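Source: prediction; values computed, not measured. Here is the naming used below: chain letters follow the sequence lines, and residue numbers restart at 1 for every chain.
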2 protein chains.
Amino acid sequence: MQHKRSDCLQCAMRDRSIFAGLNTEELRSLGMEVQDIACHQGDVLYRKGDSARHAYTLRTGAVKLVKSLENGREVIIRLLHRGDLLGFEGMQDAQHRHAAIVLAPSQLCRLDLAELQRLSERLPKVQEAIRQRWQQALQSSEDHIMELGAKRAEARLATFLLQWAEHYPRLRSLPFPLSRPDLAAFLGLSTEHVSRIMADFKRHAFIQEQRGHLEILAPQSLAELAGKWPDHKPD
Amino acid sequence: MQHKRSDCLQCAMRDRSIFAGLNTEELRSLGMEVQDIACHQGDVLYRKGDSARHAYTLRTGAVKLVKSLENGREVIIRLLHRGDLLGFEGMQDAQHRHAAIVLAPSQLCRLDLAELQRLSERLPKVQEAIRQRWQQALQSSEDHIMELGAKRAEARLATFLLQWAEHYPRLRSLPFPLSRPDLAAFLGLSTEHVSRIMADFKRHAFIQEQRGHLEILAPQSLAELAGKWPDHKPD
DNA sequence: CGACGGGTTGAGGAAACTCAACGCATGTGG
DNA sequence: CCACATGCGTTGAGTTTCCTCAACCCGTCG
């Protein structure tokens, strides 16, 4: 995990960050220290229970948020993509609620939570931006609850693959750094069951996999399995 | 559904509301129009897709947030208790994401979303309070994901009953307005399966039920089933 | 080389679902 | 008042879905 000072003014993500609402002048005057962090698969950004000092913005790559049950079973609560935030629960709780583990080579911005706290009290725009991100996270969590509560394994997996693909538009071959245990921990299934279904999808030529990359050959077939028909009009 | 003007200054919930940080002077100067609403079982506060005009604070009673899948299956995304907020997704989305249905006789405060929007831009304390509520909601959703993803039906139900009880401390006989279909829709199970397990709990004298009220006779037994107590091996 | 972790496959069993029937309240119209 | 429908809860039988346990393959790493 390497890190250096970062220059927010020139960041490619600037217009999608929590500082998006600020103009150059304001941004320069923040005096906010932002670290630029590069890390790779398996790196642990923080563990559950760690005292929360930093928050992060994921610029590229993928991160999983993991929680484990008393019985030892691990669950992936959320998967993070380009543009997502993590660690912001530290603004309220003293400790992190889950572990954050890097899935693929990633670049992140690391912010000091105490500084951010002070900043957000002064700047309603920042506060507002953070609130919107919380809302997005809640939305995605609620969607996940629907999946787990109402769909069977095949449909969950199909939905998931299609959603994963949405994060890489205009890419034929998608980065897919998730292991079978990861998929299982996210979808609430056993690794064997996930493996069987993935093998099934391949046999039906719905998908194709190779070395951490995934290609979706028959999106509409997956969509049928997922229980939603392609682009029917939204009411 | 009756409603009248409400006087926030004298509200019993004032110190737990999103206006908690404001002093009497500030609160009086808001000019915020707040409706006091009373409603009973089955009332629909709003439906999924309704354009979002109002947000609510639940003062007493219980409300369910429901989403339904294309296949017709309904899922209860969240259950709301005394002090919880609802409808605030309207601050970001133009339409409500789920339906809000009253489970038990309830009293709510209804706020105009546009007014609230303007207010929160002016008052960081309000913005901050709302952000904290989003965070709480996210936390509870993540806990729910854990339940659905990692626990068996018996354990889910046991955990749920114990959590429900926590919302009514120092009450022996708890208000319990949930039907079997409700429980099933919240826990991701079939109504029959829920019914069987509840009957089991009664046979083991873990719980007792009568006309919308529930008594938990053996919390520690339920806690063991819930998996909360370190690895007792089941016989 | 052997150990190891990830993926696959099979067999058997447990968990949960579906379908169906029935009891019991409540409500409605004749 | 009865006859009847309706909705919830319960229970049973049979089936599907999913899990567990185990074996095996394969690439990587020491």
Side-chain angles (χ1 to χ4, degrees), chain A residues 40-42 64 69 71-76 101 103-104 147-161 176-204 207-214 225-227, chain B residues 40-42 64 69 71-76 101 103-104 147-158 160-161 176-204 207-214 225-227 233-235:
Chain A
H40 45 282
Q41 181 171 18
K64 61 177 173 180
L69 218 49
N71 66 21
R73 180 153 185 186
E74 290 201 339
V75 176
I76 296 180
I101 299 175
L103 287 169
E147 294 294 313
L148 296 178
K151 287 188 184 175
R152 50 186 98 283
E154 234 185 14
R156 276 182 229 171
L157 198 38
T159 312
F160 173 76
L161 294 177
F176 196 72
L178 297 168
S179 67
R180 297 293 184 266
D182 283 337
L183 284 170
F186 187 69
L187 299 174
L189 303 168
S190 69
T191 75
E192 295 93 332
H193 202 193
V194 169
S195 179
R196 276 184 245 274
I197 297 173
M198 288 291 280
D200 251 22
F201 284 176
K202 287 186 208 165
R203 272 189 285 273
H204 287 80
I207 64 172
Q208 188 176 326
E209 223 183 352
Q210 50 198 332
R211 295 173 289 132
H213 281 254
L214 176 80
L225 278 182
Chain B
H40 44 282
Q41 182 172 17
K64 61 178 175 181
L69 218 50
N71 65 22
R73 181 156 182 184
E74 290 202 337
V75 176
I76 296 181
I101 300 175
L103 288 170
E147 295 293 312
L148 296 178
K151 287 189 183 175
R152 304 185 288 103
E154 235 186 11
R156 275 182 231 171
L157 198 38
F160 174 75
L161 294 178
F176 196 72
L178 297 167
S179 68
R180 297 293 184 266
D182 283 336
L183 284 170
F186 186 68
L187 298 174
L189 302 169
S190 68
T191 75
E192 295 93 332
H193 202 194
V194 169
S195 180
R196 276 184 244 275
I197 296 173
M198 287 291 279
D200 251 22
F201 284 176
K202 286 186 207 166
R203 273 190 283 274
H204 288 77
I207 62 172
Q208 189 177 324
E209 224 183 350
Q210 49 198 334
R211 290 175 299 129
H213 280 256
L214 176 80
L225 277 183
K233 190 81 176 81
D235 317 9

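The base of D:dT20 is paired with the side chain of A:Arg196 by a donor and an acceptor separated by under 3.5 Å. Scanning atom types as modelled, one donor and one acceptor separated by under 3.5 angstrom connect the side chain of A:Glu192 and the base of D:dC21.
Atom pair B:Leu187:CG and C:dC17:P shows a separation of 10 Å (rounding to whole Å applied). Spacing between atom CD of A:Glu154 and atom C1' of D:dT16 amounts to 13 Å, rounded to whole angstrom units. For B:Lys202 and D:dT11, the NZ to C1' distance is 13 Å, given to the nearest whole Å. Atom CG of B:Leu157 is separated from atom C1' of C:dA15 by 15 Å (rounded to the nearest Å). Computed from coordinates, the A:Arg180 CZ to D:dC26 C1' distance equals 14 Å when rounded to whole Å. To the nearest angstrom, C1' of C:dT8 lies 12 Å from CG of A:Asp200. Rounded to an integer number of Å, the gap from CZ of B:Arg211 to P of D:dG9 is 15 Å. Distance CG (B:Leu178) to C1' (D:dC8): 14 Å, rounded to an integer number of Å.
Contact annotation: the side chain of B:Met198 approaches that of B:Leu161 to within less than 4.5 Å [non-hydrogen atoms, C-beta and beyond]. For the pair A:Val75/B:Lys151, no side-chain contact is recorded, criterion being any heavy-atom separation below 4.5 Å from C-beta on. Using a 4.5 Å cut-off on side-chain heavy atoms (C-beta onward), A:Leu157 and A:Phe201 make contact. When side chains are defined from C-beta on, B:Phe176 does not count as touching B:Ile207, because their heavy atoms never get closer than 4.5 Å.
When each of D:dT10, D:dT17, C:dT9 is scored by its nearest atom to the side-chain atoms of A:Arg152, the top-ranked nucleotide is D:dT17. Distances from the side chain of A:Leu189 to the nucleotides D:dC19, D:dT11, C:dT9 place D:dC19 closest. If you check D:dC8, D:dC18, C:dC19 against the side chain of B:Ser179, the one that comes closest is D:dC8. Set against C:dG7, C:dT9, C:dA16, the side chain of A:Pro181 has C:dG7 as its closest nucleotide. Checking D:dC18, C:dT9, C:dT8 against every side-chain atom of A:His193, the shortest atom distance belongs to D:dC18.
Contact check, B:Ser195 against D:dG9: no side-chain N or O comes under 4.0 Å of OP1 or OP2.
The environment of A:His204 atom NE2 is sparse: at most 12 non-hydrogen atoms of other residues, nucleotides or ligands sit within 6.0 angstrom.
Across all strands shown, A:Arg203 has heavy atoms under 4.0 Å from sugar-phosphate atoms exclusively, and none from any base.
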